[in-house]
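Presented below is the structure to which this report refers.
Ligands are counted one by one from 1 in listed order, and the atoms in each one are counted from 1 as well.
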Amino acid sequence: MTAPVIGVLALQGDVREHLVALAAADAVARPVRRPEELAEADGLVIPGGESTTISKLTVLFGLMEPLRARVRAGMPVYGTCAGMIMLADKILDPRSGQETVGGIDMIVRRNAFGRQNESFEAAVEVKGISGDPVEGVFIRAPWVESVGASAEVLAEHGGHIVAVRQGNALATSFHPELTGDHRVHRLFTDMVRASRRGESL
Ligand SMILES: NC(=O)CC[C@H](N)C(=O)O
């Protein structure tokens, strides 16, 4: 089977780093700014950045509804940091008018770690990733206040949920694209491959 095409929502945030990490994980990685580009992707990464800006631009670029429809239809999607916020069904403290794509039955708190620490790194054990813990880079990161019954917690840090999966939607508070360790991106590309085969991983 040919390599899966994985898009990176390229409206704001650390798009380039995800394109590099996905290519290293043997996907064909492409920036996505238009609905036609989204339609060609087998899966999508929503990068870190500023969730209020990404939310606004997603609406402005006509991508919010197509994205919601694809996620509802089971397209694999992975959100890091601001991208995690975009995948939450509910934000505890949204800016006014801030919309999300949704897809994961969880409530997130924006900038949750940021109040104590602007930015830090920590070793995080992630379910489904074997070997050493993942080096978690947290940059004004959200945490997950609570998850619903259909969402699975994959990792916690300091007593807070920092990685979640629900079906084909994956979200982390931290940024694996910044570390050169591509295991989380490989987990995601494996999810995309399984979904193309009509399976779920
Ligand atoms: N590194 C990040 O993605 C930061 C997220 C940012 N604090 C937000 O609310 O969107």
Side-chain angles (χ1 to χ4, degrees), residues 6-22 29 31-33 43-61 63-64 67-68 71 77-124 126 134-147 151 154-165 169-185 187-188:
I6 303 186
V8 179
L9 187 66
L11 304 175
Q12 195 259 340
D14 66 336
V15 175
R16 230 192 77 80
E17 290 80 355
H18 277 290
L19 292 171
V20 170
L22 288 168
V32 166
R33 291 186 193 84
L44 185 78
V45 169
I46 306 181
E50 180 52 50
S51 60
T52 52
T53 307
I54 295 177
S55 168
K56 267 189 223 144
L57 292 174
T58 302
V59 172
L60 205 68
F61 278 67
L63 281 165
M64 189 60 94
L67 200 43
R68 284 179 177 148
V71 170
V77 64
Y78 171 34
T80 57
C81 203
M84 167 187 255
I85 297 169
M86 288 289 284
L87 293 180
D89 283 349
K90 191 169 186 308
I91 306 175
L92 195 72
D93 48 354
R95 290 268 283 272
S96 85
Q98 180 171 4
E99 291 184 40
T100 71
V101 174
I104 302 183
D105 183 4
M106 61 179 175
I107 301 174
V108 294
R109 183 188 288 272
R110 298 176 53 235
N111 302 327
F113 287 109
R115 279 190 282 272
Q116 297 103 323
N117 282 296
E118 264 303 298
S119 173
F120 63 95
E121 291 182 23
V124 182
V126 182
V134 169
E135 191 60 26
V137 178
F138 294 82
I139 305 168
R140 295 203 308 119
W143 70 48
V144 179
E145 287 281 334
S146 61
V147 295
L154 299 185
E156 294 189 23
H157 174 71
H160 301 288
I161 300 166
V162 295
V164 176
R165 177 169 175 186
L170 175 70
T172 60
S173 299
F174 51 90
H175 292 267
E177 74 282 8
L178 300 179
T179 61
D181 173 356
H182 305 302
R183 286 176 296 165
V184 178
H185 286 80
L187 168 69
F188 182 61

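- Of the charged side-chain nitrogens involved, none lies within less than 4.0 Å of a carboxylate oxygen, so that E145 and K90 do not count as a salt-bridged pair.
- In this structure, F120 and F113 have perpendicular ring planes: the angle between them is above 60°, well past the 30° mark.
- The contact set between ligand 1 and N111, taken as ligand atoms under 4.0 Å from a residue heavy atom, comprises 6 (C), 7 (N), 9 (O).
- For ligand 1, the polar-atom distance check finds no N/O of P142 at less than 3.5 Å from any of the ligand's N/O atoms.
- Taking each heavy atom of D14 and P47 in turn, the nearest pair found is OD1-CB, 3.5 Å.
- No donor-acceptor distance shorter than 3.5 angstrom exists from the side chain of T58 to the backbone of L63, with no hydrogens or angles considered.
- Taking the charged nitrogens against the carboxylate oxygens, E135 and R183 have no contact shorter than 4.0 Å, which rules out a salt bridge.
- Using a 4.0 Å cut-off to heavy atoms of R110, the atoms of ligand 1 that qualify are 9 (O).
- At the shortest separation from atom 2 (C) of ligand 1 among protein heavy atoms lies C81 SG, 2.7 Å.
- When heavy-atom distances to ligand 1 are checked against a 4.0 Å cut-off, I85 comes that close only through its side chain, counted from C-beta outward.
- For H160 and S173, the side-chain atoms include no donor-acceptor pair closer than 3.5 Å.
- In the vicinity of G49, heavy-atom distances shorter than 4.0 Å reach the ligand 1 atoms 2 (C), 3 (O), 4 (C), 5 (C), 6 (C), 10 (O).
- For ligand 1, one of its N or O atoms has an N or O atom of I139 under 3.5 Å away.
- The closest protein non-hydrogen atom to atom 10 (O) of ligand 1 is S51 N, 2.5 Å.
- Aromatic pair H157/F138: ring centres closer than 6.0 Å.
- Atoms of ligand 1 found under 4.0 Å from any heavy atom of G48 (numbered from 1 in listed order, with element): 3 (O).
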